[in-house]
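Written below as structure tokens is the structure these notes are about.
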Amino acid sequence: MLCSDIFFDNSCVGGEKMAYSTEIDRKWQKKWEETKLYKFDRENLDKKLYCLEMFSYPSGANLHVGHWYNFGLTDSWARMKRLQGYNVFHPMGFDAFGLPAENYAIKTGIHPKDSTYRNIRTMEKQLKDMGATYDWDYEIITCDPEYYKWTQWMFLKLYENGLAYRKKAPVNWCPSCKTVLANEQVVDGACERCHSEVTKRDLTQWFFKITEYAQELLDCIPGLDWPEKTKKIQTNWIGRSEGAEVEFRVDGSDLTFKVFTTRADTLYGVTYVVLAPESEITDLVTTEEYRQQVEEYKEFARKQTEIERMSTVKEKTGVFTGGYAINPVNNEKVPIWIADYVLAGYGTGCVMAVPAHDERDFEFAQKFNLPIRRVIRGMDGMPDELPFVEDGILVDSMEFSGMTSEQARDEIVKKLEKEGKGEKKVNYRLRDWLVSRQRYWGAPIPIVYCECCGTVPVPEDQLPVELPYDVEFTPDGESPLAKCESYINTVCPKCGKPAKRDPDTLDTFVCSSWYFLRYPDNRNDKEPFNREWINKLLPVDKYVGGAEHASMHLLYARFFTKALRDMGYLDFDEPFLSLVHQGTILGPDGARMSKSRGNTISPDEYIEEYGSDVFRLYLAFGFAYTEGGPWNDEGIKAISRFVNRVERLVDSFLNARDKTGSDRFGPDEKELAFVRNTAIKSVTEDADKFQFNTSIARLMELTNALYKYEALDNKNRKYMEETIRDLLIMLSPFAPHFAEEMWEKMGYPYSIFNEKWPQYDPEALKRDTVELAVQINGQVKYKIEVPASADNKEIEEAALNDEKAAVYLKDREIVKVIVVKGRLVNIVVKK
RNA sequence: GCGGACAUGGCGGAACUGGCAGACGCACCAGACUUAGGAUCUGGCGGGAAACCGUGGGGGUUCAAGUCCCUUUGUCCGCACCA
């Protein structure tokens with residue numbers, strides 16, 4: 001038993017202490033810090049590269065596999081870029097406001113501020129243990145008053161520029177989180193965070209006018225180096241739709257209302273109009289006789305949860321208001337209904353119903369016995385039973401009859417335009433961003449309400465509006481800050497009379513909408529950032545984080561950037577030029593990791609056993625980066641073996657260093673050179689596009705080739721050393737501590753990270769002869785060896801004259817021969 | 001319901017612009033070294049006795065298809081009464 005360690009441990013080869021471990025990690029982390037290896041160089045900005053991971057929420061637990069996958073591998077990428085001569089700016093910080101800390105406080109009584117800062121300390125330590133290249137001088141923490149002061153400043157600037165406004169509107173309410181939510185935070189009718197069913201509440205809340213930028217947000221998407229999927233999500237989220245706005249008059253009154261339609265060609269088929277139950281004009285058109293049923297229906301609609309309302313299978317409901325509208329194209333009187341299939345937030349909240357040519361209207365009309373009038377026929381006898389929703393030829397539409405739908409849309413709107421009753425209109429699905437939250441742990445909204453002066457922004461020199469510490473934050477639907485007398489009661493900055501502060505805090509997405517702008521200038525206490533300086537450092541060149549932020553953070557950050565540009569604070573259009581999403585590492589059972597499933601993988605245990613580099617390397621090698629996949633214990637063991645294999649290679653090289661070698665450059669060296677240069681080329685290209693698995697594969701091949709070469713009796717030690725040198729440099733981004741240790745072992749000067757990334761020699765990739773596959777009618781039958789320089793004619797001859805060819809060509813006619821240089825020869829024959 | 005992505009050995013995953021499918025690794029098998037092996041090294045490894053067959057299923061285009069087109073199934077994602 002006593003000896004088992006020695007026997008079963010691989011640490012005693014060649015009498016020297018072997019095996020990379022956490023000790024090596026610590027050794028180099030210390031040295032890197034002491035020598036300030038990763039300090040960003042503020043001078044040489046012509047080759048700057050801003051590499052950023054989405055910062056994270058400081059949770060109490062240790063870093064999980066997902067953090068390592070995102071941070072560790074992006075760090076490898078950053079390290080490679082550094083070796084390639086880039087001046088890499090790679091900061092890290094914390095998205096520290098948010099619900100978990102507050103909920104934790106409600107449960108345990110520990111103040112969010114205390115738990116958050118404690119968690120941040122733990123996480124900082126863990127991130128340092130990971131050995132990433134972060135320059136901590138640029139750290140930011142969004143719950144620091146020095147940071148949220150500027151978040152509040154952002155709010156005020158948006159307010160001054162008409163991009164922040166307050167309105168009363170039906171807003172999404174999560175009964176469990178006891179706060180409102182932005183549209184983006186409602187997923188399938190449920191709260192994104194706690195999955196409770198979201199309901200509607202009529203509240204006065206702050207909004208950011210992101211819709212003002214809908215078109216530009218859409219227009220810039222094609223130019224972004226982002227995953228297509230993410231671009232598509234944003235495009236759909238913005239949801240541009242072209243149509244017309246048409247004005248209807250209410251019968252017997254001066255009142256008018258507009259409807260948005262993409263099918264102006266069907267205007268002659270309108271048989272009724274429908275208002276959203278929440279629409280303000282509902283009350284105005286409702287007649288006394290129908291008032292009660294309208295009120296009852298409004299109540300019914302209001303009570304529904306989002307999930308109920310969104311259900312497309314449910315039967316249509318609605319009631320007649322008693323009022324009538326006049327169709328502007330033919331002055332026909334049509335009844336006005338209200339129904340919850342019309343959404344208050346989209347378009348004008350009113351639709352013209354054309355049951356003959358719209359499925360929803362058709363269903364509704366059938367149920368309530370409303371007239372259905374065909375005005376479109378299918379083209380060329382195309383089947384056109386109702387509801388016929390395609391384009392076609394107009395019928396029964398006065399002078400427009402006979403036109404195509406496309407033509408009629410234009411002509412009808414033109415006519416309405418002349419009469420001032422309609423115009424072309426682009427509509428967006430995107431709604432303004434609701435930013436108020438009835439919670440404590442967030443940046444306070446810097447607004448004061450004064451009885452005399454009304455809504456008064458807090459003057460800049462009074463920022464930050466600090467969060468009070470002693471607060472009762474049990475949520476009851478009212479903002480915790482509202483109950484904090486000392487906070488809520490203040491004086492009006494304008495007139496000095498008593499006034500009240502806004503009791504809400506800002507959505508944490510506001511904090512993360514501009515943090516990338518603050519990193520480069522995080523100590524600036526005069527302004528959020530210096531314009532000239534961030535114009536030099538931004539945009540972010542490579543942004544890496546989860547795909548779940550496609551329609552929220554990434555859209556908001558783009559909006560902020562554009563708004564700040566237009567307000568004159570910066571001079572670029574987009575914050576993140578290139579974006580990568582990491583995949584998800586699943587549990588060994590292939591399911592999403594979760595405590596309840598008991599399939600979580602704790603990085604710490606593996607790091608303790610194998611060291612941080614082995615863990616990182618496994619994450620790099622075992623998965624397609626953007627896909628992720630199931631964890632596999634065997635995989636990490638394999639990587640550990642690979643690391644040991646490299647170390648043994650270095651050791652055996654060193655043991656024989658003094659022995660004489662040759663300086664020949666024969667076939668063996670040529671073969672080694674081929675593998676070496678292939679590796680350089682492939683690793684450079686693959687790692688650049690976050691294809692780490694194939695990068696590591698090429699390094700394994702190079703290691704295998706070196707082993708093969710090492711086994712030879714007579715070798716060119718100088719060339720072998722050069723090759724090992726390249727191997728270590730290329731391995732260093734992925735296994736930084738280990739590579740640094742091997743580098744030192746080889747006797748090279750500190751640090752490997754100050755070396756130059758190797759460049760491949762195209763000559764070494766050329767082989768003297770190449771093997772080509774020969775196909776007969778597309779099937780590979782045999783192989784031939786030809787000089788690499790052979791032209792098509794020579795290759796064809798070699799293929800046809802090969803001794804193996806005869807069998808296949810006997811009694812057959814050669815139709816043609818296709819030669820693909822360097823690949824194959826295809827001989828097409830027939831009997 | 002609409003839109004998109006994906007589907008490759010026992011497993012994780014490779015495959016340029018249509019050009020030898022299965023790189024690299026795991027697992028497995030054999031051998032070597034060994035008192036020993038869960039260490040290390042060497043070799044093998046899609047199926048099939050072979051002809052041949054093989055990239056979810058079916059069809060097509062092409063000299064040639066994992067890759068392009070049509071269709072179908074399954075998984076995942078986005079949107080979901082958007083007028």
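Within every chain, numbering begins at 1; the chains are lettered A, B, ... in the order of the sequence lines, protein sequences first and strands thereafter.
Tyr707(A) has its side chain within reach of Arg648(A): a pair of non-hydrogen atoms, C-beta onward, lies under 4.5 Å apart. Residues Leu224(A) and Arg558(A) are in side-chain contact: their nearest non-hydrogen atoms beyond the backbone lie under 4.5 Å apart. Contact annotation: the side chain of Ile814(A) approaches that of Leu800(A) to within less than 4.5 Å [non-hydrogen atoms, C-beta and beyond].
The separation between Lys637(A) atom NZ and C26(B) atom C1' is 11 Å, rounded to whole Å. Following rounding to the nearest Å, Tyr625(A) (OH) and A14(B) (C1') show an atom-to-atom distance of 19 Å. As a whole-Å value, the separation of Asp188(A) CG from G78(B) C1' is 10 Å. A straight line from NZ of Lys231(A) to C1' of G3(B) spans 17 Å, rounded to a whole angstrom. Rounding to whole angstrom units, NZ of residue Lys821(A) and C1' of C16(B) are separated by 18 Å. At whole-Å resolution of the value, NZ in Lys830(A) and P in C63(B) are 13 Å apart. Atom CG in Asp358(A) sits about 14 Å away from atom C1' in G1(B), given to the nearest Å. We find that NZ of Lys232(A) is positioned 13 Å from P of C6(B), with the value rounded to whole Å.
Note on Arg648(A): a side-chain N or O is less than 4.0 Å away from OP1 or OP2 of C41(B). Under 4.0 angstrom from either OP1 or OP2 of A83(B) there lies no side-chain N or O belonging to Tyr341(A). Taking side-chain N and O atoms only, Arg429(A) has no distance below 4.0 Å to OP1 or OP2 of G78(B).
Within 6.0 Å of atom NZ in Lys303(A), 12 or fewer heavy atoms from other residues, nucleotides or ligands are found, so the atom counts as exposed in its surroundings. More than 12 heavy atoms of other residues, nucleotides or ligands sit less than 6.0 Å from atom CD of Glu671(A).
Spacing of C1' atoms, G19(B) relative to C68(B), comes out at 14 Å, to the nearest Å. Taking the P atom of each, U17(B) and A51(B) are spaced 34 Å apart, rounded to whole Å. Nucleotides C69(B) and A23(B), compared at atom P, are 27 Å apart to the nearest Å. Separating the P atom of U72(B) from that of A65(B) is a span of 24 Å, rounded to the nearest Å. Distance check on atom P: U67(B) versus G57(B) gives 11 Å, rounded to whole Å. As rounded to the nearest Å, C20(B) and U55(B) have C1' atoms that lie 15 Å from one another. Across the C1' atoms, C29(B) and G46(B) are found 16 Å apart, a figure rounded to whole Å. Nucleotides G48(B) and G10(B) are separated by 10 Å at their P atoms, to the nearest Å.
In this structure, Gly628(A) reaches the sugar-phosphate backbone alone: every heavy-atom distance under 4.0 Å involves primed, P, OP1 or OP2 atoms, never a base. Nucleic acid contact class of Val342(A) (heavy atoms, under 4.0 Å, all strands): base. At the heavy-atom level, Gly635(A) lies nowhere under 4.0 Å from the strands shown. As judged by a 4.0 angstrom heavy-atom cut-off over every strand, Glu685(A) is placed among residues making no nucleic acid contact. Contacts of Arg592(A) with the nucleic acid, taken as non-hydrogen atoms under 4.0 Å apart, are absent.
Residues Trp631(A) and Tyr606(A) place their aromatic rings such that the two centres sit under 6.0 Å apart.
Listed by chain and number, the residues in a salt bridge (Lys or Arg N to Asp or Glu O under 4.0 Å) with Arg698(A) are Glu701(A) (sequence neighbours excluded). Applying the side-chain hydrogen bond (donor to acceptor under 3.5 Å, both in side chains) test to Glu813(A) and every residue at least two apart in sequence or in another chain returns nothing.
With both pairing distances under 3.5 Å, A51(B) is matched to nothing as a Watson-Crick or G-U wobble pair. A 3.5 Å limit on both hydrogen-bonding distances identifies C41(B) as the Watson-Crick or G-U partner of G31(B). Nucleotide C76(B) forms a Watson-Crick or G-U wobble pair with G4(B), both donor-acceptor distances falling under 3.5 Å. Judged by Watson-Crick or G-U wobble contacts below 3.5 Å, the nucleotide C63(B) has G19(B) as its partner. Of all nucleotides present, only G10(B) satisfies the Watson-Crick or G-U wobble test against C26(B), with each distance under 3.5 Å.
Annotated as anti: G38(B), whose O4'-C1'-N torsion sits more than 90° from 0.
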Q: Could you encode protein contacts along nucleotides 47-55 of chain B as a string, one character per nucleotide from 5' to 3', using B for base contact, S for sugar-phosphate-only contact and - for no contact, with a heavy-atom cut-off of under 4.0 Å?
A: -----SS--

Q. Nucleotide by nucleotide, 5' to 3', does protein get under 4.0 Å of the base (B), only the sugar-phosphate (S), or neither (-) in nucleotides 19-24 of chain B, counting heavy atoms?
A. BB--BB

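Residue pairs meeting the salt bridge (Lys or Arg N to Asp or Glu O under 4.0 Å) criterion with at least one member in residues 233-243 of chain A, sequence neighbours excluded: Arg240(A)-Glu242(A).
Of the two residues contacting RNA chain B, namely Tyr707(A) and Gly629(A), the nearest-nucleotide position lying further toward the 5' end is that of Gly629(A). The 5' end of RNA chain B is approached more closely, in terms of each residue's nearest nucleotide, by Asn632(A) than by the other of Lys229(A) and Asn632(A).
A donor-acceptor contact under 3.5 angstrom links the side chains of Asp432(A) and Thr211(A), judged on distance only.
Geometrically, Lys316(A) engages Tyr341(A) in a cation-pi contact defined by less than 6.0 Å to the ring centre and at most 45° from the axis.
Comparing G13(B), U42(B), A83(B) against the side chain of Arg645(A) picks out U42(B) as the nearest. When distances run from any side-chain atom of Gln691(A) to the nucleotides C79(B), A83(B), A14(B), the shortest one goes to A14(B).
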Give every donor-acceptor pair under 3.5 Å between a side-chain atom in residues 546-554 of chain A and any protein atom, sequence neighbours left out.
from      : atom 1 : to        : atom 2 : distance (Å)
His553(A) : ND1    : Ser512(A) : O      : 3.4
His553(A) : NE2    : Tyr543(A) : OH     : 2.7

